[in-house]
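What you see below is based on every heavy atom in this structure, not just the backbone, and it leaves out hydrogens, waters and symmetry mates.
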Amino acid sequence: MNQGKPKFSETLPMPGQFAAGQSRDQVLLRLQALTKATLAISSELDLDTVLQVIADNAREFANASYAAMGIVDDHGLITSFITSGVSKEQREKIGEPPSGHGLLGVIIKQGKPLRVLDMTKDPRRSGFPPNHPPMISFLGVPVSVQGRVVGDLYLTDKIGADEFSEDEEWWLSLFGRQAAVAIENAQLYKTTRQARQRAETLAELTGTLNSSFKLEELFSQITQAASLLLELPAAALYLLNKEHSRFELEAQVGLEEKPDEEFFLPLQGSIAGKVVESGRSIFVKETSILEHVYFLPLQGKVLPGAVLVVPIRQADRVSGVIEVYSSQPRHFSPEEISLLEAFAGQASLALEKAQIFQQREEFLAMTAHDLRAPLTAIKLSAGLLETSLPADLAPALKNLASNISRNSERLNNLLEDLLELNRLEQGRVKLKPEKLELGEAIAATVHTLIPLFEEKSQSCNFERPGHTLWIWADRRRFEQILVNLLVNAHKYAPENSRIQLKLRVEPNWITIGVDDEGPGIPIEEQQHIFDRYYRRVIHELSSGSGLGLPIVRLLAELHGGQIWVESEPGKGSTFYLKLPLLSPNQS
């Protein structure tokens, strides 16, 4: 179906044939005007700007009331349409641009100029849409590149005459050929720039996907990224449910909200089903031709005009599809299809990683719960054993009993951290906030940890501010954050060193800094320090679950705050906790 792209091989008549009634000076004026217009369109590279300059110059050149410049695709459909002589308000009232039928279709299909005295009486016209200004006389010419019609340029309502002349048809045809060169240059520039931007966007979006481990969050990121990548208004992600032979909607952007939680596509009869069957991407350039429509409407309750569906593959099978939608009928280029397929490949890897991660977390959480009961029995038995040992028992046996008690406590703490992190990530931790006086809460927490610091002859300094500072926080959880930060500082700071707490007051915020004299953290590690299971490898200091700081980060965010680290190797580290500060009126 390539009826919209005829070969345009006819040559233009010589100027003398059409300009016989004009003086030499008139012809020169025309040439000067044509040269000026050609220079104007050749100096631009942005495609929409080029089209606007072409339309404006053509209207001025031929003294017409209105002008329009349209670009057509390989199927004869108008993909870009720029007007001149019509106000922005009028243009918005007219609505959608023409599709390439009627008189414009004649120009596109035949590849020849067309002049009409009264277009309202021409049987080939397709009619004006509502709110379209009345137009009578018409002159249109094809815009062609190497014999291919790539657009149409037309004028309406000749000023000072009933119709456009044969001479003006010749000049406009010549200008159309000059316009074609400018359009081709602008399209090449746009294609090159778009390819570079899309490659950069693909790399950026892939990095974003790989940083997410939560499936719900990842579903949303995939649809938003697919829409952004092809600059389309809507996208959806469907995953295949083989048991029920259907695709279930996981996320969407730009579509009307799904009517219920069970919205799905049938495996048989849908485009997604055909993608599974063929294993290849499928696009429909005009959805109106479909016998059955399985789409949610776009926002505004309008059905998509075109759709591209690409498969998501996992373990050599199609496990889902990404669908992107255009509001208008359109063709999807091979480059666009390849781009979305490449993105779908990255999305499938991210989904697989997130699914494995979720399964692992569910397993760990289940295992932690199952271990809780036997571990509690071991702790109790070890405690009873230690208190029941005879005084003359050999030291080696006493040490064994002590080891059982100490390591069971360590394992219990690990399980508690794992369960705590799991609850936080699933949103099952509910705060019990109250008004806290910050100086008092910090001083009380530091006091409880004095024996810990004394083990390494460390000092922990905190100077309470001279005035009260109030925050709205869960006291137990706030102390949990502070304890984790102080224990972390104690762990990595050397003996006889100083740990200091500092406060920085800003409008509506308070920042608590925990400063230590430890080995510092290299810049490449700082971005991972709050990731779960991440542990700094520093010889004997490498023990621990790697869950303390991720718990701190989530608790800080739950309080509406944030946490970060600033550090330089060899010069210690400072962990900052920033929380909302109550105003004097609130306190």
Residues 235-243, side-chain donor-acceptor partners within the protein, below 3.5 Å, at least two apart:
| residue | atom | partner | partner atom | Å |
| --- | --- | --- | --- | --- |
| N241 | OD1 | E243 | N | 3.1 |
| N241 | OD1 | H244 | N | 3.2 |
| N241 | OD1 | H244 | ND1 | 3.3 |
| N241 | ND2 | H244 | ND1 | 3.3 |
| N241 | ND2 | E248 | OE2 | 2.8 |

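Using a 4.5 Å heavy-atom threshold, the side chains of S281 and P311 count as touching. Side-chain atoms of D122 and L117, non-hydrogen and from C-beta on, never get closer than 4.5 Å to each other. At a threshold of 4.5 Å between non-hydrogen side-chain atoms, the residues L114 and R124 count as touching. At a threshold of 4.5 Å between non-hydrogen side-chain atoms, the residues E250 and L351 do not count as touching. For the pair E256/Q299, a side-chain contact is recorded, criterion being any heavy-atom separation below 4.5 Å from C-beta on. Contact annotation: the side chain of L230 never approaches that of F343 to less than 4.5 Å [non-hydrogen atoms, C-beta and beyond]. With a 4.5 Å cut-off on side-chain heavy atoms, I107 and V141 do not count as touching. Between I271 and Y294, the closest side-chain pair of non-hydrogen atoms is not below 4.5 Å.
Separating the CD1 atom in I159 from the CG atom in N63 is a distance of 4.5 Å, to the nearest 0.5 Å. Rounded to the nearest 0.5 angstrom, K578 NZ and Q562 CD are separated by 5.5 Å. Note that NZ of K285 is 13.0 Å distant from OG of S326, once rounded to the nearest 0.5 Å. Rounded to the nearest 0.5 angstrom, I108 CD1 and L103 CG are separated by 11.0 Å. Distance CD1/I312 to CD/E352: 12.0 Å, rounded to 0.5 Å. The line from CD of E566 to CD1 of I523 is 9.5 Å long, rounded to the nearest 0.5 Å.
Within a 6.0 Å sphere centred on CD of Q90, heavy atoms belonging to other residues, nucleotides or ligands number more than 12. Summarising the local packing, CD of Q268 is surrounded by 12 or fewer heavy atoms from other residues, nucleotides or ligands at distances under 6.0 Å.
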Apply side-chain contact (heavy atoms from CB on, under 4.5 Å) to residues V275 and V310 and explain how you reach the verdict.
CA-CA 7 Å; V275 169; V310 301; over 6 Å; no

Checking T511 against W564 for the side-chain contact (heavy atoms from CB on, under 4.5 Å) test, could you report, in this order, the C-alpha distance in whole Å, the side-chain angles of both residues, the deciding distance, and whether it holds?
CA-CA 11 Å; T511 300; W564 70 96; 4.2 Å; yes

Evaluate the side-chain contact (heavy atoms from CB on, under 4.5 Å) criterion for residues R91 and F81: first the C-alpha distance (whole Å), next the side-chain angles of each, then the deciding distance (0.1 Å), finally the verdict.
CA-CA 11 Å; R91 186 73 189 84; F81 191 76; 3.5 Å; yes

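Listed for the S84 side chain is no donor-acceptor partner under 3.5 Å among the backbone atoms of A68. When atom types are taken as modelled, the side chain of R330 and the backbone of A306 share no donor-acceptor pair closer than 3.5 angstrom. The closest donor-acceptor contact from the side chain of Q52 to the backbone of T83 lies under 3.5 Å. Here the side chain of S348 pairs a donor or acceptor atom with the backbone of G345 at under 3.5 angstrom. In this structure, S137 contributes its side chain and D157 its backbone to a donor-acceptor pair below 3.5 Å. Checked by atom type and distance alone, the side chain of R59 never pairs as donor or acceptor with a backbone atom of A67 at under 3.5 Å.
I82 pairs in a side chain to side chain contact (heavy atoms under 4.5 Å, CB included) with only one of the listed residues (L51, I71, D56), which is L51. Among L296, L265, L308, the one residue that satisfies the side chain to side chain contact (heavy atoms under 4.5 Å, CB included) test with E323 is L265. When E163, E169, E168 are each tested for a salt bridge (Lys or Arg N to Asp or Glu O under 4.0 Å) with K158, only one passes: E168.
Contact record, I322 with A226: CG2-CB, 3.8 Å, taken as the closest heavy-atom pair. Contact between M119 and M135 at its shortest, heavy atoms only, is CG-O, 3.4 Å. What you find for A251 and S220 is that their closest heavy atoms are CB-N, 3.9 Å. Considering every non-hydrogen atom in both L218 and A350, the closest pair reads CD2-O, 3.4 Å. Pairing each heavy atom of S227 with each of V253, the nearest pair is CB-CG1, 3.9 Å. For F138 against L104, the heavy-atom pair with the smallest separation is CZ-CD2, 4.4 Å.
A search for side-chain contact (heavy atoms from CB on, under 4.5 Å) contacts involving S278 returns R280, I282, not counting sequence neighbours.
Pairs of residues two or more places apart, or lying in two chains, that qualify as ring pair (Phe, Tyr, Trp, His ring centres under 6.0 Å) and include a residue from residues 302-329 are F295-Y325.
Because its NZ or CZ atom is not both nearer than 6.0 Å to the ring centre of F530 and within 45° of the ring axis, R553 does not count as a cation-pi partner of that residue.
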